[in-house]
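In listed order, ligands and their atoms are each counted from 1.
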Amino acid sequence: MEGTLPETPLTGLARHGQSIWLDFIRRDFVEDGRLAAMVKEDALKGVTSNPAIFEQAIGHGAEYEEAVQALLETGSLTAGELYEALAVEDIRQACQVLRPVFDETNGRDGYVSLEVSPYLAHDSKRSLEEARRLWQQVDHPNVMIKIPATEEAIPAIEQAIAEGINVNVTLLFAIGMYKKVLEAYLKGLETRVKAGLPVGHIGSVASFFVSRIDGRIDARIDRRIAAEDPESEALKALRGQVAIANARMAYQHYLSVIASPRWQALAAKGAQTQRLLWASTSTKDKAYRDVLYVEELIGTDTVNTLPPRTLEAFRDHGVPEGRLVQNVDAARKILLEAERLGLDLDGVATTLLEEGVAAFEVAFDGLLGAVAARREAVLGERLMRVSLALSGELENAVVAAGKSWSHDGKVRRIWERDASVWTNGPESKWLGWLDVVKNGRAALEAYEALGREVKERGYSDVLLLAMGGSSLGPEVLEETFGRVSGGPKLHVLDSTDPQQVASFRKAIDPAKTLFIVSSKSGSTLEPNILFAYFWDQAEKALGRSPSEHFVAVTDPGSSLEALAKERGFAHIFHGNPEIGGRYSVLSAFGLAPAAAAGYDVRALLDSTQLMIEACDASVPPVTNPGVNLGLALGVAATSFRRDKVTFVASQKIASLGAWLEQLLAESTGKNGTGLIPIDGEPLGTPEVYGDDRVFVELRLGHEPVNPGLKALREAGHPVVTLHLDDVSQIVQAFFVFEFATAVAGSVLGINPFDQPDVEFSKVETRKLTKAYAETGHLPEETPFAKDGDLAFYADERNREALGNGSAETILKAHFDRVGKNDYIGLLAYIERNKAHIAWEQTVRTELRDQLHVATAAQFGPRFLHSTGQAYKGGPNSGVFLQVTADDAADLPIPGHAYSFGVVKAAQARGDFDVLAARGRRALRVHIAGPLHAGLDRLAQLVTDILKGA
Ligand SMILES: O=C(CO)[C@@H](O)[C@H](O)[C@H](O)[C@H](O)COP(=O)(O)O
Ligand SMILES: O=C[C@H](O)COP(=O)(O)O
């Protein structure tokens, strides 16, 4: 080949035994023949790539857009998978271009290098796995897999060689490390020889970095000279000398090893030497010759990989002379002198290795971020978007947190179910939600069969009996998607309020209703008593066993499963015990009701998958919507005391807020810390807010930016927007928030998957209902004050703070306790209907506007399975007004001594007892007599108090 080449300084290098490789790759450059031309005209004999080179190519090259589009048409892929597909394709094409060189040189040259992820640099096992995978994917004999030369990588290098993989060991700075690398190469080959395997086809190079050493050492020299170091003259003499001396001495080691009998034995088996490849050979200091690190390192059996500009410079004015073995003594002296002067070459090499890995991590992040952005652009309106508008300081802190997450590999560790991301507790047992789509698809047939059955049997209604995690997700689906034409109406009942139960009873015809009893644990009181009530109603309406009208959704082995079997329920859908209730909406707990309501479960799962991929381990924090959102919420709460996460939603997707409340509050509200979700609070002008908020906008479609939010943003409040193009993306919102909550939980330093205080309330309630069953009444309690139809209850500590005067003074004393950064919780144990929702909204808005604090408006017992956790376990910043009332009419529960009214009263008391036990500021007001009148009076009292405030 060379015989026909025009003689240039470049082609002249071959005479000195040095091969020139190109430190660059890009698709168009390979495709349009420029690479082939260099092979032909410059005697180019190989190509190296690294994450920084691919970042430049893929991140900035427009030609990759089409490639991404084409890949996404073949199926959905993560950013990591997309990058790999693009890079592997580029490497394969370059391998084809270099193949003739490979063949003509009998496998000595003609290689193209592809690097393993820098994030694996300190993980021997995973580096080896990735090397194997890339080797197989490229599937060309002239690919080399690049592995950074860390201590941990040495065994991986040895094993890869033993397996016959070509290895380019990169990021070598120190002779000590180079010796280990060469030893690993020898050992790998010896293992093959021992096993009777061939070795002649294995190619390997050790990439020794040059210019970066001078960069560091020269800077030290300059600093000391500037500080008038007494050794200034000696130091000056070493400027621009150390890197080359270091490389020369590395080469001496190479020569000594290949002269050894040990190597000769391997050579006799046909082994090729592991050549030194000079990398980082472009000149950085303009004071030096631009081909310095080429000319000084020309020697037999070496490679120099050059970036295009250095290659052109050498072609133009390089002097090809074999200088590598010249001045060896001088090189040795330079290194000794550097040591004498305390320039600490070893320390510099160690730092450069770490910095080199880190720089490749940054490049890799940039690369994957760019691929993720391209993926997003191609998916367009199929993927909802998350954008953050944060004030400067918060934004910087979130970016910094992202960098540290990147460095610590935390996203990957979440996907690997590594509990050390949180508290090193049982978290890894609660990450089944990461696999929801895979598992949902496996059960798809059963869901679709349920949908068909509901249609065929002509059910007019589906009534879901469930609480919290088992009810809030299906409720969002129903409120968002509504009734499918010709399908049944899905109702979600999550209350023990007798009026509310009666209202639901009235809304359905039990003879034409499918009942879904849904409880993960199977032991939750509410679904069990609701089941007892509606089973009885259905039995009466049908005049026979209603078993075929009942479906159970529960975890395997629960008491509900046993009951469903005993009663002969039509179906039992199993949940995944590794998914907690609030993370369960995309498992059977959401999908079975969705299927029954006639929703397209397959489409829901497909859509979810796009978001799962967007949150993949390969997507760096800043472009990873789940991580970015979680870090923003976590950092805002922990470092900026902005812990009131306030949802502002487009009307059609507003029901998401209640699901989000549970997710955030139950997951994070514990150990005295947490995010306090604020849902449904009407948007106000900037003055009514304190500085403890993060606003989360849930925006649907092409709605214009909410002017209220714009004003808040301008006033310096952080605003996060989840932009859904259409309602079907609600499932993507579920997933992204689940991920974000897990991330925020890590920032808060808690286990986001337990709910100790919800359990505590359940225990307290059970004690009271048990007492009722035994005695026929709830334990006596006396109000500490009465004013007309209003009676006030509290524990001793709260009583002392509130006095026992009129309703007005008690309420005033209570609200006087509200301070900066506090929030107010209205906890009403009454029917959740339009009128009562409106009442809560009026009262909370007045309180918010006058006291400038966040307000939560809740209905019991629903919130007990949701925000109740944070109210008790979270920061002690809540001031609670519990509202209870006499029930106009109670409802008995078949088979139980107590009624719905008794259960609800027990729940309110259990709730209050736990709030009090947790030292919360709490007051219960009980309305005797007509509820409306009592509520009106209460509202008026609040207005009056606030007027006087
Ligand atoms: O390691 C190899 C080849 O094996 C190279 O691709 C290597 O990464 C590059 O030469 C260096 O990253 C370039 O270094 P620098 O010029 O940025 O200091
Ligand atoms: O969020 C969970 C609720 O406490 C209900 O639990 P469950 O699904 O075990 O009945």
Side-chain angles (χ1 to χ4, degrees), residues 21-25 46-56 111-115 118 144-149 167-173 204-216 243 275-284 293 303-307 309-310 352 355-357 359-360 363 464-473 494 517-528 530-531 552-555 558-560 575 577 579-585 587-589 659 661-663 665-667 755 757-759 761-762 861-869:
W21 291 8
L22 180 68
D23 209 13
F24 175 77
I25 195 164
V47 167
T48 52
S49 70
N50 62 38
I53 290 171
F54 268 118
E55 197 257 337
Q56 280 302 314
Y111 290 97
V112 183
S113 295
L114 175 61
E115 191 157 338
M144 267 189 183
I145 306 302
K146 280 177 76 180
I147 303 179
V167 179
N168 173 346
V169 185
T170 192
L171 284 177
L172 268 166
F173 296 92
S204 184
V205 292
S207 292
F208 206 88
F209 278 50
V210 193
S211 74
R212 290 188 198 182
I213 300 226
D214 273 350
R216 266 310 156 99
R275 284 179 295 175
L276 271 160
L277 173 150
W278 310 126
S280 179
T281 46
S282 64
T283 302
K284 312 300 187 288
Y293 300 105
V303 181
N304 198 329
T305 191
L306 303 178
R309 201 176 284 179
T310 311
L352 282 173
E355 283 181 359
V357 171
F360 280 159
L464 177 75
L465 310 172
M467 296 305 290
S470 306
S471 65
L472 292 164
D494 60 353
V517 189
S518 180
S519 168
K520 263 199 133 336
S521 59
S523 57
T524 303
L525 176 67
E526 295 90 330
N528 279 308
L530 288 168
F531 158 73
V553 185
T554 189
D555 280 0
S558 77
S559 53
L560 173 57
I579 304 179
R582 55 191 174 273
Y583 279 81
S584 69
V585 57
S587 73
F589 291 91
W659 178 85
E661 276 190 320
Q662 185 199 19
L663 181 72
E666 257 195 1
S667 303
Q755 52 286 322
D757 299 279
V758 168
E759 307 298 345
S761 284
K762 286 186 185 178
R862 171 184 160 99
F863 80 91
L864 292 180
H865 298 264
S866 166
T867 50
Q869 169 62 42

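- When Q662, K520, H865, Q869 are checked for heavy-atom proximity to atom 3 (C) of ligand 2, H865 turns out nearest.
- Taking atom 6 (O) of ligand 2 as the reference point, the nearest protein heavy-atom neighbour is T524 OG1, 3.5 Å.
- Residue-ligand proximity: E526 is placed with every non-hydrogen atom at 4.0 Å or more from ligand 2.
- Residues H865 and S470 are not in side-chain contact: their nearest non-hydrogen atoms beyond the backbone lie 4.5 Å or more apart.
- Residue contacts with ligand 2, taken as heavy atom pairs separated by less than 4.0 Å, involve S519 via backbone and side-chain atoms alike.
- The backbone N or O of M144 sits nowhere less than 3.5 Å from a side-chain atom of N168 that would complete a donor-acceptor pair.
- By the 3.5 Å distance cut-off applied to N or O atoms, K762 is counted among the residues near ligand 2.
- Ligand 2 lies less than 4.0 angstrom from a heavy atom belonging to S521.
- Heavy-atom contacts of G468 reach the following atoms of ligand 2: 1 (O) (cutoff under 4.0 Å).
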Step-by-step side-chain contact (heavy atoms from CB on, under 4.5 Å) determination, Q869 to R582: CA-CA 12 Å; Q869 169 62 42; R582 55 191 174 273; over 6 Å; no
L171 vs R212, side-chain contact (heavy atoms from CB on, under 4.5 Å): CA-CA, chis, key distance, verdict: CA-CA 10 Å; L171 284 177; R212 290 188 198 182; 4.2 Å; yes
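- With T48 contributing its side chain and S113 its backbone, the two residues share no donor-acceptor pair below 3.5 Å.
- Between the side chains of S280 and S211, at least one donor N or O lies within less than 3.5 Å of an accepting N or O.
- Classification of the Y111-W21 ring pair by plane angle, with boundaries at 30° and 60°, yields tilted.
- Considering only non-hydrogen protein atoms, atom 5 (C) of ligand 2 sits nearest to M467 O, 3.3 Å.
- At a 3.5 angstrom cut-off on N or O pairs, S470 counts as close to ligand 2.
- No donor-acceptor distance shorter than 3.5 angstrom exists from the side chain of K762 to the backbone of T524, with no hydrogens or angles considered.
- Under a 4.0 Å heavy-atom criterion, R582 is not in contact with ligand 2.
- For atom 2 (C) of ligand 2, the closest non-hydrogen atom of the protein is G469 N, 3.4 Å.
- A donor-acceptor pair under 3.5 Å links the side-chain atoms of K520 to the main chain of I579, judged by distance alone.
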Pair Y293-T310, side-chain contact (heavy atoms from CB on, under 4.5 Å): steps then yes or no: CA-CA 9 Å; Y293 300 105; T310 311; over 6 Å; no
L306/F24 under side-chain contact (heavy atoms from CB on, under 4.5 Å): CA gap, chis, key distance, verdict: CA-CA 8 Å; L306 303 178; F24 175 77; over 6 Å; no
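- Within the structure, the closest approach of Q755 to ligand 2 does not fall below 4.0 Å when heavy atoms are considered.
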Could you tell me, for ligand 1, which of its N or O atoms are under 3.5 Å from any protein N or O, listing the pairs and their distances rounded to 0.1 Å?
from: ligand 1; atom 1: 1 (O); to: K146; atom 2: NZ; distance (Å): 3.0
from: ligand 1; atom 1: 1 (O); to: T170; atom 2: OG1; distance (Å): 2.7
from: ligand 1; atom 1: 4 (O); to: N168; atom 2: OD1; distance (Å): 3.4
from: ligand 1; atom 1: 4 (O); to: N168; atom 2: ND2; distance (Å): 2.8
from: ligand 1; atom 1: 4 (O); to: S207; atom 2: OG; distance (Å): 2.6
from: ligand 1; atom 1: 6 (O); to: D23; atom 2: OD1; distance (Å): 2.6
from: ligand 1; atom 1: 6 (O); to: N50; atom 2: ND2; distance (Å): 3.2
from: ligand 1; atom 1: 6 (O); to: K146; atom 2: NZ; distance (Å): 3.2
from: ligand 1; atom 1: 8 (O); to: N50; atom 2: ND2; distance (Å): 2.8
from: ligand 1; atom 1: 10 (O); to: D23; atom 2: OD2; distance (Å): 2.5
from: ligand 1; atom 1: 10 (O); to: S280; atom 2: N; distance (Å): 3.0
from: ligand 1; atom 1: 12 (O); to: N50; atom 2: ND2; distance (Å): 3.3
from: ligand 1; atom 1: 12 (O); to: R212; atom 2: NH2; distance (Å): 3.0
from: ligand 1; atom 1: 14 (O); to: R212; atom 2: NH2; distance (Å): 3.0
from: ligand 1; atom 1: 16 (O); to: K284; atom 2: NZ; distance (Å): 2.7
from: ligand 1; atom 1: 17 (O); to: R212; atom 2: NH2; distance (Å): 3.4
from: ligand 1; atom 1: 18 (O); to: R212; atom 2: NE; distance (Å): 2.7
from: ligand 1; atom 1: 18 (O); to: S280; atom 2: OG; distance (Å): 2.7
from: ligand 1; atom 1: 18 (O); to: K284; atom 2: NZ; distance (Å): 3.4

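- The ring-ring contact (aromatic ring centres under 6.0 Å, His included) check on W659 picks up F734, with sequence neighbours excluded.
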